[in-house]
There are 2 protein chains.
Amino acid sequence: MNQPRVQEKEATSRRIILDCAARLFRTEGYAATSLRRIAAASNMKSGSLYYHFASKEEIITEVLNMGVQRVHDEVWRSTAELPPDADSHTLVRTAVRAHLAALHELGDYSSANVRIYGQVPEHVRNAHKPIRIAYEDLWIALLGRCVSQGSLRGDVSRRFISTFMLGAMNASLEWGTPESGRLQQMADDMAELFLRGIMTSNQ
Amino acid sequence: MNQPRVQEKEATSRRIILDCAARLFRTEGYAATSLRRIAAASNMKSGSLYYHFASKEEIITEVLNMGVQRVHDEVWRSTAELPPDADSHTLVRTAVRAHLAALHELGDYSSANVRIYGQVPEHVRNAHKPIRIAYEDLWIALLGRCVSQGSLRGDVSRRFISTFMLGAMNASLEWGTPESGRLQQMADDMAELFLRGIMTSNQ
DNA sequence: GCTCCTGCCTATCAAGTGTTAGGTTGTTTG
DNA sequence: CAAACAACCTAACACTTGATAGGCAGGAGC
């Protein structure tokens, strides 16, 4: 039962390949991951990959794009659900939670993206860039909501702050993946550091 | 004049190789950088590398180690020069400046380290780990000086804070290398965000 | 029943990989 | 001058890489 219709086979195979590729790219790096290993992990032979993808670069491009897209959607959804007058602290904490949860739980795509973006052929990186920029703009817009409440400091540019925050959050991938209970705690701690800094508040 | 003595030749050649390797590892990634390209950049043939190094892994190991060591020394020196009773803000700002300056100016070694640490063979990574930990411990010690002044917040662990800060600073490598005037400004902005957070202080 | 198409496999290609063995300089040492 | 050594090169090794061309099973559509 529920035997996949033949027309759907390509879509599922394609997805299996991308899943395996994302996992391998994440753990091994881009150049170190061969098409043969991706194929083996997908229960295929290397030549068969070319039925679904034109080249290795097409695979990595798709993996990169999906990685940002998922996180983008998750952060956008969670913050859009907040009431329009939600205060800045809630806004930031919600966005940080969503970003970290998506990064750590929603799969190898986002992790692979963070790790191998810098080691991918240049034109692949350029093709992927707009999606990255769109996500950064989402964060700048979030910070804009804080500005309109008069709660964001004005002496540092919003672009600097967003890059700063994304960098700090993405670096958390290097500590390993915590269980989801701890992850929530980690997200809240990080949001606290973002919001109030590392010092005691009376300093 | 000042012709290098023959006994010094090996040391300089070795250094040239490492310089080229660090630059290539940084820009191309670990697996994507072949010994032939390193050799060509060093004005050699690939076989000659084996006079100076036993393997590719020995090269990458040295590059990784030097990358952290330089930053470590620079941060240690600059903070050790401060008076013992220097306040926490000065301490953090000084360390952040030193870290970013070393990262961006002291060469491709530290940049290569940050970028390719996750993609080197596992036993290479394990062999390099102690040096990383030592540097992290230096930061934890710095934060300890803040604690003894009663100025570091107590609800988040020092290890978490140090990883947080190092991650945020290292991520700045991905924005490209600013000229050194702007870098100082960037370091001060980042230190400000660390110390007081992204919000206005009356919030 | 015949053809067509999907999805995969086999076999192979040229190019590039890390590594090694042995040779060739030119300088240093006895 | 001869032996020794340092520093490099040449040529090759076994292997892996991304990619291609052609084939083959089996369900779909007429």
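Naming convention: chains lettered A, B, ... in sequence-line order (proteins, then strands); numbering from 1 in each chain. The figures here come from the full heavy-atom set of this structure, side chains too, leaving out hydrogens, waters and symmetry mates.
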Enquirer: Taking side chain to side chain contact (heavy atoms under 4.5 Å, CB included) as the definition, give me every residue that meets it alongside A:Arg77, ordered by chain and number, with sequence neighbours left out.
Expert: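 Result, side chain to side chain contact (heavy atoms under 4.5 Å, CB included) vs A:Arg77: A:Glu74, A:Glu81.
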
Enquirer: Mind checking what makes side chain to side chain donor-acceptor pair (under 3.5 Å) contact with A:Arg159, not counting sequence neighbours?
Expert: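 Per chain and number, A:Arg159 pairs via side chain to side chain donor-acceptor pair (under 3.5 Å) with A:Glu136, A:Asp137.
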
Enquirer: Considering just the side-chain nitrogens and oxygens of B:His52, establish if one lies under 4.0 Å of OP1 or OP2 belonging to D:dA6.
Expert: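 For D:dA6, neither OP1 nor OP2 has a side-chain N or O of B:His52 closer than 4.0 Å.
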
Enquirer: Report the residues that fulfil ring pair (Phe, Tyr, Trp, His ring centres under 6.0 Å) with A:His72, sequence neighbours left out, ordered by chain and then residue number.
Expert: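 Ring pair (Phe, Tyr, Trp, His ring centres under 6.0 Å) check on A:His72 returns A:Tyr135.
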
Enquirer: Just to be sure I understand the geometry, which residues of residues 15-24 of chain B put a non-hydrogen atom under 4.0 Å away from DNA chain C?
Expert: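 Per residue number, the list is empty: none.
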
Enquirer: After noting the C-alpha distance and the side-chain angles of B:Ile131 and B:Leu64, does the key distance pass the side chain to side chain contact (heavy atoms under 4.5 Å, CB included) rule?
Expert: CA-CA 9 Å; B:Ile131 300 191; B:Leu64 286 178; over 6 Å; no

Enquirer: Between C:dG7 and A:Ser13, is there an OP1 or OP2 to side-chain N/O distance shorter than 4.0 Å?
Expert: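 Indeed not, no polar side-chain atom of A:Ser13 lies that close.
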
Enquirer: Listed by chain and number, what are the side chain to side chain contact (heavy atoms under 4.5 Å, CB included) partners of A:Ala171, not counting sequence neighbours?
Expert: none

Enquirer: Regarding B:His104 and B:Ser172, do their side chains bring together a donor and an acceptor under 3.5 Å, going by distance alone?
Expert: yes

Enquirer: Rounded off to whole Å, could you give me the CG-to-P distance for the B:Leu49 and D:dC9 pair?
Expert: 9 Å

Enquirer: Hey, can you pull the residues of residues 29-36 of chain B with a non-hydrogen atom under 4.0 angstrom from DNA chain C?
Expert: B:Thr33, B:Ser34, B:Leu35, B:Arg36

Enquirer: For a quick test of reading the model: is some side-chain N or O of B:Ser46 closer than 4.0 Å to OP1 or OP2 of C:dT19?
Expert: no

Enquirer: Does D:dC8 have OP1 or OP2 sitting under 4.0 Å from an N or O in the side chain of B:Tyr51?
Expert: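 Checking B:Tyr51 against D:dC8: no side-chain N or O falls below 4.0 Å of OP1 or OP2.
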
Enquirer: Test of understanding: with side chain to side chain contact (heavy atoms under 4.5 Å, CB included), list the residues that count as partners of B:Asp188, not counting sequence neighbours.
Expert: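 Checked B:Asp188 against side chain to side chain contact (heavy atoms under 4.5 Å, CB included); matches are B:Arg93, B:Arg97, B:Gln184.
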
Enquirer: Under 4.0 Å: is that the gap between some side-chain N or O of B:Ser48 and OP1 or OP2 of D:dA7?
Expert: no

Enquirer: Take atom NZ of B:Lys45 and atom C1' of C:dG18, then tell me their distance rounded to the nearest Å.
Expert: 18 Å

Enquirer: Which atom pairs, one a donor and one an acceptor, fall under 3.5 Å between side chains of residues 39-54 of chain A and the rest of the protein, sequence neighbours left out?
Expert:
from, atom 1, to, atom 2, distance (Å)
A:Ser42, OG, A:Ile38, O, 2.7
A:Ser48, OG, A:Lys45, O, 3.4

Enquirer: Just how far, in rounded Å, is P of C:dG18 from CZ of B:Phe53?
Expert: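 Rounded to the whole Å, the gap is 15 Å.
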
Enquirer: Quickly work out the B:Arg14 CZ to D:dA6 P distance and round it to whole Å.
Expert: 15 Å

Enquirer: Can you run down the side chain to side chain donor-acceptor pair (under 3.5 Å) pairs that involve residues 22-35 of chain B, sequence neighbours left out, and say none if there aren't any?
Expert: B:Arg26-B:Asp108

Enquirer: Does the side chain of B:Tyr50 get closer than 4.0 angstrom to OP1 or OP2 of C:dT19 through an N or O atom?
Expert: yes

Enquirer: Mind calculating the distance between CE (B:Met44) and C1' (D:dT10) to the nearest angstrom?
Expert: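 Rounding to the nearest Å, CE of B:Met44 and C1' of D:dT10 are 15 Å apart.
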
Enquirer: Could you pull out all residues at least two apart from B:His128 that satisfy ring pair (Phe, Tyr, Trp, His ring centres under 6.0 Å)?
Expert: B:Tyr117

Enquirer: Report the residues that fulfil side chain to side chain donor-acceptor pair (under 3.5 Å) with B:Arg153, sequence neighbours left out, ordered by chain and then residue number.
Expert: A:Glu192, B:Asp155

Enquirer: Under 4.0 Å from any atom of DNA chain C, heavy atoms only: list the residues of residues 54-67 of chain B that qualify, in numerical order.
Expert: B:Ser55, B:Lys56

